[in-house]
Asker: 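Here it is, the structure in full.
We count residues from 1, following the sequence as given.
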Amino acid sequence: MTDAPHEHSGGLFDVRETALSIDECFRAVARSDAGGTALFVGTVRDHNAGQQVSQLEYEAYRPMALKEMRRISDELTAEIPGVKLACTHRIGALSVGDIAIVCACSAPHRGEAFQACRELVDRIKARVPIWKREHGETGPYWVGWEDARILPPETR
């Protein structure tokens, strides 16, 4: 697997095993006609749903993830004219405090930049095939996935 960034008409989109750069995403959307740039940086926190978290593991089906990220970019650039978008998402084992996702959106005005950034983050979390496994007090647990053979932690 290569960690080379993937440019798209809307900006930079990538899923990688290496540390993410806020500056890289910011530069990918920088332009002279942008009056506002919104950044979102998602980090690994030390808890979730009342449980301590010591580590997260992210896995992805990378070809499909990149395709869906580009599809989301196309949607948002059609819905919010004048925006330029970038997003990188980390996969692999991450410790508390590590950066898991960086989204950057520029637009002629701040309102559109904020709107595009929120939509970009929300759509990526909802639709891109990236899975999160938390490690904590009760052992590892895949977030957002339940199987009939495995009871959720709160019912064990």
Side-chain angles (χ1 to χ4, degrees), residues 1-8 10-30 36-76 80 83-106 110 113-156:
M1 174 166 86
T2 178
D3 280 337
H6 297 271
E7 290 290 333
H8 179 62
L12 165 75
F13 295 90
D14 204 12
V15 175
R16 52 179 74 152
E17 294 179 9
T18 56
L20 304 181
S21 166
I22 297 166
D23 290 338
E24 178 187 26
C25 283
F26 181 80
R27 284 191 309 271
V29 300
T37 301
L39 289 167
F40 174 79
V41 179
T43 56
V44 178
R45 66 179 178 258
D46 66 358
H47 68 282
N48 186 41
Q51 299 290 317
Q52 286 296 115
V53 173
S54 60
Q55 179 184 23
L56 290 182
E57 287 179 80
Y58 286 96
E59 290 189 18
Y61 177 46
R62 195 166 187 268
M64 186 181 284
L66 293 172
K67 184 177 180 179
E68 190 61 23
M69 290 169 97
R70 291 181 192 117
R71 183 178 293 136
I72 291 166
S73 173
D74 289 343
E75 291 170 5
L76 288 172
I80 310 170
V83 298
K84 187 170 182 182
L85 313 167
C87 180
T88 54
H89 201 298
R90 181 99 180 260
I91 55 175
L94 283 74
S95 298
V96 171
D98 285 348
I99 297 173
I101 185 172
V102 178
C103 292
C105 302
S106 66
R110 70 180 178 272
F114 281 129
Q115 177 187 3
C117 195
R118 176 179 279 289
E119 282 297 318
L120 180 60
V121 172
D122 289 348
R123 292 181 195 190
I124 284 173
K125 287 184 67 70
R127 295 173 29 195
V128 175
I130 298 174
W131 302 279
K132 179 169 62 173
R133 186 177 185 186
E134 292 181 351
H135 292 257
E137 300 166 351
T138 59
Y141 177 75
W142 288 103
V143 176
W145 182 83
E146 292 179 17
D147 184 281
R149 296 167 294 173
I150 302 171
L151 293 174
E154 62 273 5
T155 61
R156 288 185 204 161

Asker: For Glu68, what residues pass the salt bridge (charged side-chain N to carboxylate O under 4.0 Å, His left out) criterion, not counting sequence neighbours?
Answerer: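 Listed in chain order: Arg71, Arg127.
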Asker: Would you name the heavy atoms of Val102 and Ser21 that are closest together and state the gap between them?
Answerer: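 Minimum heavy-atom separation between Val102 and Ser21: CG1-O, 4.4 Å.
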Asker: Do you know which two heavy atoms are closest between Ile124 and Cys87, and how far apart they sit?
Answerer: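 Heavy atoms only, the tightest pair is CD1-SG, 3.4 Å.
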Asker: According to side-chain contact (heavy atoms from CB on, under 4.5 Å), who are the partners of Leu39, at least two apart in sequence or on a separate chain?
Answerer: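 Partners of Leu39 by the side-chain contact (heavy atoms from CB on, under 4.5 Å) criterion, ordered by chain and then number, come out as Ile22, Phe26, Ala104.
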Asker: Test Ser73 against Leu85 for side chain to side chain contact (heavy atoms under 4.5 Å, CB included), laying out the working first.
Answerer: CA-CA 7 Å; Ser73 173; Leu85 313 167; 3.8 Å; yes
Asker: Locate the shortest heavy-atom distance separating Ser54 from Val96; write the atom from each residue and the value.
Answerer: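 Heavy-atom minimum between the residues: O-CG2, 3.9 Å.
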Asker: Calculate, to the nearest 0.5 Å, the distance between atoms CE and CG belonging to Met69 and Leu120 respectively.
Answerer: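 Met69 atom CE to Leu120 atom CG measures 7.5 Å (nearest 0.5 Å).
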Asker: Can you see which heavy atom on Arg133 is nearest to which on His135, and at what distance?
Answerer: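 Distance-wise, the nearest heavy atoms are O-CD2, 3.8 Å.
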Asker: Under the side chain to side chain donor-acceptor pair (under 3.5 Å) rule, what pairs show up with a residue in residues 89-105, not counting sequence neighbours?
Answerer: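 Of all non-adjacent pairs touching residues 89-105, none passes side chain to side chain donor-acceptor pair (under 3.5 Å).
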Asker: For Thr88, give me all partners under side chain to side chain donor-acceptor pair (under 3.5 Å), at least two apart in sequence or on another chain.
Answerer: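 Thr88 satisfies side chain to side chain donor-acceptor pair (under 3.5 Å) with no residue once adjacent residues are dropped.
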Asker: What's the separation between atom OG1 in Thr18 and atom CD1 in Ile91, rounded to the nearest 0.5 Å?
Answerer: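 Here the rounded value is 9.5 Å.
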Asker: Got a second to check how far Lys132's NZ is from Leu94's CG, nearest 0.5 Å?
Answerer: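 Those atoms lie 10.5 Å apart.
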Asker: Tell me which pairs pass side chain to side chain donor-acceptor pair (under 3.5 Å) where either residue lies in residues 37-52, with sequence neighbours left out.
Answerer: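 Every pair satisfying side chain to side chain donor-acceptor pair (under 3.5 Å) with a residue in residues 37-52: Arg45-Asn48, Asn48-Glu134.
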Asker: With rounding to the nearest 0.5 angstrom, report the CZ to CD1 distance, Phe40 to Ile101.
Answerer: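 Between Phe40 CZ and Ile101 CD1, I get 6.5 Å after rounding to 0.5 Å.
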Asker: Could you tell me which non-hydrogen atom of Cys25 sits nearest to which non-hydrogen atom of Ala86, and how far apart they are?
Answerer: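 Heavy atoms of Cys25 and Ala86 come nearest at O-CB, 3.9 Å.
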Asker: If you look at every heavy atom in Trp131 and Tyr61, which pair is closest and at what distance?
Answerer: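 That would be CZ3-N, 3.5 Å.
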Asker: Counting C-beta onward and ignoring hydrogens, is there a side-chain heavy-atom pair between Cys103 and Val121 closer than 4.5 Å?
Answerer: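 Yes, at least one pair of side-chain atoms sits under 4.5 Å.
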Asker: I want to check something: taking the side chain as every heavy atom from C-beta on, are Val128 and Ile72 in contact at a cut-off of under 4.5 Å?
Answerer: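 Yes. Closest side-chain heavy atoms under 4.5 Å.
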Asker: Name all residues meeting the side chain to side chain donor-acceptor pair (under 3.5 Å) criterion together with Asp122; count only those two or more places apart in sequence or in a different chain, and write none if there are none.
Answerer: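 Counting only residues at least two positions away or on another chain, Asp122 forms no side chain to side chain donor-acceptor pair (under 3.5 Å).
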Asker: Which residues satisfy the side-chain contact (heavy atoms from CB on, under 4.5 Å) test with Gln115, sequence neighbours excluded?
Answerer: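 Result, side-chain contact (heavy atoms from CB on, under 4.5 Å) vs Gln115: Ile80.
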